[in-house]
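The structure appears below as structure tokens.
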Amino acid sequence: QVQLVESGGGLVQPGGSLRLSCVASGSIASIFVMGWYRQAPGKQRELVAAIANYGRPNYAESVKGRFIISRDNTENTVYLQMNSLKPEDTAVYFCSGDRTYWGQGTQVTVSS
């Protein structure tokens, strides 16, 4: 059983940046797809970005060109670099492994 723990969320002004981290308790090398999802109040959880062990990352249209997902299998960590943040990016961000393993989430609030 792999446990995922997110960190790096917080309050940031519009146009600012945050870097989220997701650390796994075990190896993520065998997890095919690691992803970041988000859920805003009153909305469904949505995919933000995903990265497979091999292949190009995949991004939601709303974050393309602003967010970058990366994974380090040696450190069992997945990152989400978020730039040019907008108020509509405000949500709880969750890390997922193959949509089987889920973290508890980290709050991101974009507000002036």
Side-chain angles (χ1 to χ4, degrees):
Q1 185 77 6
V2 175
Q3 293 183 334
L4 305 175
V5 179
E6 304 96 336
S7 63
L11 173 64
V12 63
Q13 291 187 343
S17 298
L18 283 175
R19 188 193 197 202
L20 305 183
S21 299
C22 170
V23 180
S25 60
S27 174
I28 64 170
S30 61
I31 298 176
F32 184 60
V33 178
M34 294 297 300
W36 285 96
Y37 291 73
R38 68 186 180 188
Q39 187 166 18
K43 295 188 176 181
Q44 289 188 333
R45 190 173 297 189
E46 62 174 359
L47 175 67
V48 176
I51 183 167
N53 260 326
Y54 303 99
R56 293 182 178 180
N58 185 40
Y59 297 96
E61 285 295 326
S62 59
V63 307
K64 278 185 180 178
R66 300 188 297 123
F67 290 10
I68 300 172
I69 188 172
S70 60
R71 66 189 287 173
D72 185 337
N73 287 352
T74 62
E75 296 292 332
N76 297 317
T77 303
V78 182
Y79 302 97
L80 184 68
Q81 177 66 44
M82 305 187 296
N83 302 317
S84 301
L85 282 161
K86 305 175 181 180
E88 51 263 44
D89 294 318
T90 295
V92 178
Y93 284 70
F94 298 90
C95 176
S96 172
D98 284 339
R99 289 188 292 180
T100 299
Y101 308 107
W102 292 90
Q104 293 299 308
T106 185
Q107 176 71 47
V108 171
T109 302
V110 184
S111 175
S112 55

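Below, each value reflects all heavy atoms present in this structure, side chains not excepted, and no hydrogens, waters or symmetry copies.
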Between [atom1] of [X] and [atom2] of [Y], what distance do you get to the nearest 0.5 Å?
X: Asp72; Y: Met34; atom1: CG; atom2: CE; answer: 11.5 Å
X: Ser7; Y: Arg19; atom1: OG; atom2: CZ; answer: 9.5 Å
X: Arg71; Y: Ile28; atom1: CZ; atom2: CD1; answer: 4.5 Å
X: Ser96; Y: Arg45; atom1: OG; atom2: CZ; answer: 8.5 Å

Going through the distances and angles, do Arg38 and Ser62 end up as a side-chain contact (heavy atoms from CB on, under 4.5 Å)? CA-CA 12 Å; Arg38 68 186 180 188; Ser62 59; 3.4 Å; yes
Taking a hydrophobic cluster as the set of Ile, Leu, Val, Met, Phe, Trp and Tyr residues connected by side-chain heavy atoms closer than 4.5 Å, whether directly or through intermediates, do [X] and [Y] fall within one such cluster?
X: Tyr79; Y: Tyr101; value: no
X: Phe94; Y: Tyr59; value: no
X: Tyr37; Y: Val63; value: no
X: Val48; Y: Val23; value: no
X: Met82; Y: Val12; value: yes

What's the verdict on side-chain contact (heavy atoms from CB on, under 4.5 Å) for Trp36 and Cys95, showing C-alpha distance, side-chain angles and the deciding distance? CA-CA 5 Å; Trp36 285 96; Cys95 176; 4.1 Å; yes
Judged by atom type as modelled, is there a donor-acceptor pair below 3.5 Å linking the side chain of Ser111 to the main-chain atoms of Thr109?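 Flag not set: sc Ser111 to bb Thr109 has no pair under 3.5 Å.
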Work out which heavy atom in [X] is nearest to a heavy atom in [Y]; give both atom names and the distance.
X: Asn83; Y: Gln81; answer: OD1-NE2, 2.9 Å
X: Leu85; Y: Arg66; answer: CA-NH1, 3.9 Å
X: Asn53; Y: Asn73; answer: OD1-ND2, 2.8 Å
X: Cys22; Y: Leu4; answer: SG-CB, 3.9 Å
X: Ser112; Y: Pro14; answer: N-CD, 3.7 Å
X: Ser25; Y: Gln1; answer: OG-O, 4.0 Å

Could you walk me through whether Asn76 and Val2 pass the side-chain contact (heavy atoms from CB on, under 4.5 Å) check? CA-CA 10 Å; Asn76 297 317; Val2 175; over 6 Å; no
Kindly check if the number of other-residue, nucleotide or ligand heavy atoms within 6.0 Å of [atom1] ([X]) is above 12?
X: Gln104; atom1: CD; result: no
X: Glu88; atom1: CD; result: yes
X: Gln3; atom1: CD; result: no

Check whether any side-chain heavy atom of Asn58 sits under 4.5 Å from a side-chain heavy atom of Leu47, and report yes or no.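 SC-SC contact between Asn58 and Leu47 confirmed.
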Decide yes or no for Gln107 and Thr90: does some side-chain heavy atom of the first lie under 4.5 Å from some side-chain heavy atom of the second?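 Yes, their side chains come closer than 4.5 Å.
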Could you check whether the rings of Tyr93 and Phe67 sit parallel, tilted or perpendicular, using 30° and 60° as the cut-offs?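 Geometry flag for Phe67 against Tyr93: tilted rings.
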